[in-house]
Trainee: 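One structure is given below, represented as structure tokens, and several questions about it will come after.
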Amino acid sequence: MPTFALVDCNNFYASCERVFNPRLVGKPIAVLSNNDGCVIARSNEAKTLGIPMGTPAFKVSHLCKSAGLVMLSSNYALYGDLSARVMSVLAEHAPRIEVYSIDECFLDLHGLAVADLAAWCHALRQTVLDWTGIPVSVGLGPSKTLAKVANHIAKKSAAGVCDLARDASHVEAALKATPVGDVWGIGRQWAKRCAEAGIITAWDLRHAPQAWVRQQMGAVGLRTVLELGGTAVHGLEDDPDDRQTCCCSRTFGEATRSRGDVQDAVVLFAQRAAEKLRRDGLVAAAMQTFIMTDRFGQGPQCSSGFTLPLSPPTSDTQSIIDTAVRAFAQCWKDGFAYRKAGVLLLDLTRPQDAPRDLFTPPPNPRHAALMLAIDAANARFGRGSIRFGLPVPQAAWGMRQRNRSPSYTTRWEDIPIAKTG
DNA sequence: TCTGGGGTCCTAGGACCC
DNA sequence: TCTGGGGTCCTAGGACCC
């Protein structure tokens with residue numbers, strides 16, 4: 001029988017901040033989205049204060065004074081690096097792993113020669129904590145969905161491990177204690193529909209009529225129900241397919257009516273997107289530029305996008321910028337205060353699989369060599385050391401990040417200094 | 001003053017084919 | 001008056017995930 005473990009880092013972003021700043025231990029921490037907009041991660045203490053996920057930062061800022069809340073800008077360089085460390089520890093111990101997100105990892109423990117899986121998970125948990133400083137919880141189950149349920153329970157327990165892989169009576173109790181909306185794959189809309197049909201807990205959903213599930217939630221819902229019943233529908237995906245799209249977009253710190261400002265942003269996003277593409281070894285056959293006004297604002301709204309082909313498919317920054325700017329010219333309408341823009345690369349393939357066009361000349365190999373050189377220089381000297389276009393250092397549309405921690409592990413200048421005495 | 005960013009999959013419907 | 005039965009491909013929109 002398959003056995004999956006889900007390892008989930010506890011309050012991951014908050015835990016990362018604590019690794020290099022122990023003064024934050026025991027304090028309520030809220031980590032904010034880009035532009036310091038809303039709360040995207042909380043420490044347990046912040047959860048206890050009743051701060052909901054996704055709250056706009058300004059609604060809870062009064063708690064900084066009254067309750068000692070620490071609000072931090074997000075620091076993805078730090079979180080990404082610590083995530084890689086956690087995953088490498090897991091890879092060292094488990095037979096097969098699937099990195100599911102920045103803070104979660106599925107393990108396939110089928111065939112692992114240990115007598116007591118739960119004890120093995122406890123030991124793994126301790127190892128991750130010792131080696132990386134990040135606390136994790138582990139859930140065990142016969143399917144990924146049940147491993148997720150187990151993980152939710154593990155999170156709330158002192159032990160940090162919950163085993164639903166062995167005992168059916170434990171599964172029943174666990175599902176009865178799990179609201180249907182907490183099940184992996186059941187979002188807000190479906191939870192509402194379930195409630196209307198009297199399906200309140202995961203146990204109710206597991207026993208819901210298949211025809212109803214199929215009709216209301218399609219094939220996806222059906223798979224979830226099977227997984228809740230202990231059938232492993234989803235396997236471990238340790239060799240994921242190449243991604244199909246790649247997006248780089250940002251909300252601006254301040255809205256702007258200036259065509260030049262928005263175009264500067266589009267050029268920057270096009271570069272970033274092209275870098276991501278090359279990092280993944282892919283080329284894009286089409287791209288879209290999109291711009292939009294503040295969807296929460298009172299002013300006139302505008303949201304437009306324009307798609308153009310990239311022929312031949314490419315990951316060359318110069319071509320992608322050129323095309324992005326041409327698409328931008330098609331989107332632009334005067335008279336609106338724009339708050340967000342982005343570049344979306346589409347129809348991604350490996351270069352060798354990309355369709356050839358009889359009438360367009362093959363890509364210039366010197367361009368590819370230039371991109372390699374730029375990427376290597378930026379990897380060594382820091383992102384943006386070499387870039388296209390003029391730098392726009394303090395642009396009003398730039399991201400607001402008032403309180404970001406240092407990039408302790410990814411920038412030479414930010415390496416923590418140890419002091420004695 | 002202040003509300004993120006980046007993905008995936010599935011389905012329905014239309015155009016088109018034989 | 002009567003108006004088939006399959007297919008494929010594409011797109012837009014809606015659901016979900018972190």
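Here is the naming used below: chain letters follow the sequence lines, and residue numbers restart at 1 for every chain. What you see below is based on every heavy atom in this structure, not just the backbone, and it leaves out hydrogens, waters and symmetry mates. Note that the structure is predicted; figures quoted are calculated from it, not measured.
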Trainee: Is Lys144(A) positioned over the aromatic face of Phe106(A), cation under 6.0 angstrom from the ring centre and no more than 45 degrees off axis?
Mentor: yes
Trainee: Identify which nucleotide among dC18(C), dG4(B), dC2(B) has an atom closest to any side-chain atom of Cys38(A), counting heavy atoms from C-beta outward.
Mentor: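 The listed nucleotide nearest to Cys38(A)'s side chain is dG4(B).
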Trainee: Please report the distance separating the P of dC18(C) from the corresponding atom of dT3(B), rounded so that it comes out in whole Å.
Mentor: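 Rounded to whole Å, the distance is 25 Å.
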Trainee: With a 4.5 Å cut-off on side-chain heavy atoms, are Glu17(A) and Lys27(A) touching?
Mentor: no
Trainee: Side-chain N or O of Arg402(A) less than 4.0 angstrom from OP1 or OP2 on dC2(B)?
Mentor: no
Trainee: Can you confirm if the aromatic rings of Tyr338(A) and Trp332(A) lie within a centre distance of less than 6.0 Å?
Mentor: yes
Trainee: Side chain of Trp190(A), heavy atoms from C-beta onward: which of dG4(B), dC16(C), dG6(B) has the nearest atom to it?
Mentor: dC16(C)
Trainee: On DNA chain B, check which nucleotide each of Ile40(A) and Arg223(A) is closest to and give me the residue with the more 5' one.
Mentor: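 Looking at the nearest nucleotide for each, Ile40(A) comes out on the 5' side.
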Trainee: Distance check: side-chain N/O of Arg400(A) vs OP1/OP2 of dT1(B), anything under 4.0 Å?
Mentor: no
Trainee: In whole angstrom, give the distance that lies between atom CE of Met217(A) and atom C1' of dT11(B).
Mentor: 15 Å
Trainee: More 5' along DNA chain B: Ala219(A) or Thr55(A), using each one's nearest nucleotide?
Mentor: Thr55(A)
Trainee: Within this structure, what is the CD-to-P distance between Glu98(A) and dC17(C), rounded to whole angstrom?
Mentor: 16 Å
